[in-house]
Amino acid sequence: QRHKTSRSQEQIDFRKLEAIKRRKKMDYLRPLQKEALGFLEKSEHHSIVIMPTGSGKTTLMWSYKSENKCSLVFAPFRILVQQLGSVLAQKGRVTAYPFVSNDGDLYSILATCDFIILPYEEAPTSASLVQSLNGLNRLGPIWVDEVHNLSTTGRFRQSLDSFWNLGAE
């Protein structure tokens, strides 16, 4: 039998609130999204989620997002960076690359953004961004949207190396 640890009322209330939030998230998801979200929540390491076009991967991104964390999202084309930005902006504060002056200074972006969206080609130079978010304890999941495009750019090895190097740093 497991040793039971006594919890404070604050801890109990926090866990109840988290359970309610999770239930609300699950209520609006479609079955495939629920399955993917459940998989991600159980994963302890890097994960790959493959879902068809139009199945709600972007919804999954903001459903899986933790409060007070900033997720990085890499997309293959600048037009997809803009599209993801407009969709994710409905659920949180988004900054897309290239950063513009009205986004604020880099520290305020890192301290307040929910999502930072970048094109694939920025992966090799993003290690400092990841390190800065991690230093602020704000680093959330790193998403690579449309990952199949890494193999169709004609520079597969170079593109893939960019992400391995980012992960290593």
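As a basis for the values below, the full set of heavy atoms in this structure was taken, side chains included, without hydrogen atoms, waters or symmetry mates.
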Inset, instruction - Enter the distance from Arg7:CZ to Asp13:CG here, rounded to the nearest 0.5 Å. - result: 12.5 Å
Inset, instruction - Using atom types as modelled and distance alone, determine if a side-chain donor or acceptor of Arg93 lies under 3.5 Å from a backbone N or O of Phe115. - result: no
Legend entry - Cationic N near anionic O, under 4.0 Å, Lys65 to Asp114: yes
Legend entry - Leu84 side, atom CG; Thr58 side, atom OG1 - distance, nearest 0.5 Å: 5.0 Å
Legend entry - Joint hydrophobic cluster, Val87 plus Phe77, side-chain heavy atoms closer than 4.5 Å: no
Legend entry - Whether Glu41 side chain and Gly38 backbone form a donor-acceptor pair below 3.5 Å: no
Legend entry - Note: Glu121-Arg78 ion pair, threshold 4.0 Å (strictly below): yes
Inset, instruction - Might you point out which heavy atoms bring Leu72 and Leu129 nearest each other, and give the distance in Å? - result: CD2-CD2, 3.9 Å
Legend entry - Minimum side-chain heavy-atom gap Lys69-Leu139 below 4.5 Å: no
Legend entry - Heavy-atom donor-acceptor pair, Gln33 side chain to Gly56 backbone, under 3.5 Å: yes
Inset, instruction - Mark yes or no for whether Ser63, through its side chain, and Thr59, through its backbone, hold a donor-acceptor pair below 3.5 Å. - result: yes
Legend entry - CH2 on Trp143 to CG on Leu88, rounded to 0.5 Å: 10.0 Å
Legend entry - From CD1 (Ile12) to OG (Ser6), nearest 0.5 Å: 9.0 Å
Inset, instruction - Heavy atoms only: give me the nearest Ala111-Leu136 pair and the separation to one decimal. - result: N-CD1, 4.4 Å
Inset, instruction - Give a yes or no on this: more than 12 heavy atoms of other residues, nucleotides or ligands lie within 6.0 Å of atom CD of Gln9. - result: yes
Inset, instruction - Give the minimum heavy-atom separation between Val94 and Gly85, together with the two atoms involved. - result: CG1-CA, 3.8 Å
Inset, instruction - Test Phe74 against Ile142 for side-chain contact (heavy atoms from CB on, under 4.5 Å), laying out the working first. - result: CA-CA 8 Å; Phe74 289 92; Ile142 298 174; 3.8 Å; yes
Legend entry - Contact summary for Arg138 and Asn68, nearest pair of heavy atoms: NE-O, 3.3 Å
Inset, instruction - For Glu146 and Leu80, work out which heavy atoms get closest and say how close. - result: CG-CD1, 3.9 Å
Inset, instruction - Decide whether Trp62 and Leu37 are clustered together by the hydrophobic rule: side chain heavy atoms of Ile, Leu, Val, Met, Phe, Trp, Tyr closer than 4.5 Å, transitively. - result: yes
Legend entry - Pairwise side-chain contact, Ser126 with Leu118, heavy-atom cut-off 4.5 Å (strictly under): yes
Inset, instruction - Could you tell me whether the side chain of Leu32 reaches within less than 4.5 Å of the side chain of Pro52, counting heavy atoms only? - result: yes
Inset, instruction - Could you tell me whether a side-chain N or O of Lys57 sits under 3.5 Å from a main-chain N or O of Ile50, the two making a donor and an acceptor? - result: no
Inset, instruction - Looking only at non-hydrogen atoms, find the nearest pair between Tyr64 and Leu40 and report the distance. - result: OH-O, 3.4 Å
Legend entry - Nearest-0.5 Å distance that lies between atom CD in Gln11 and atom OG in Ser8: 3.5 Å
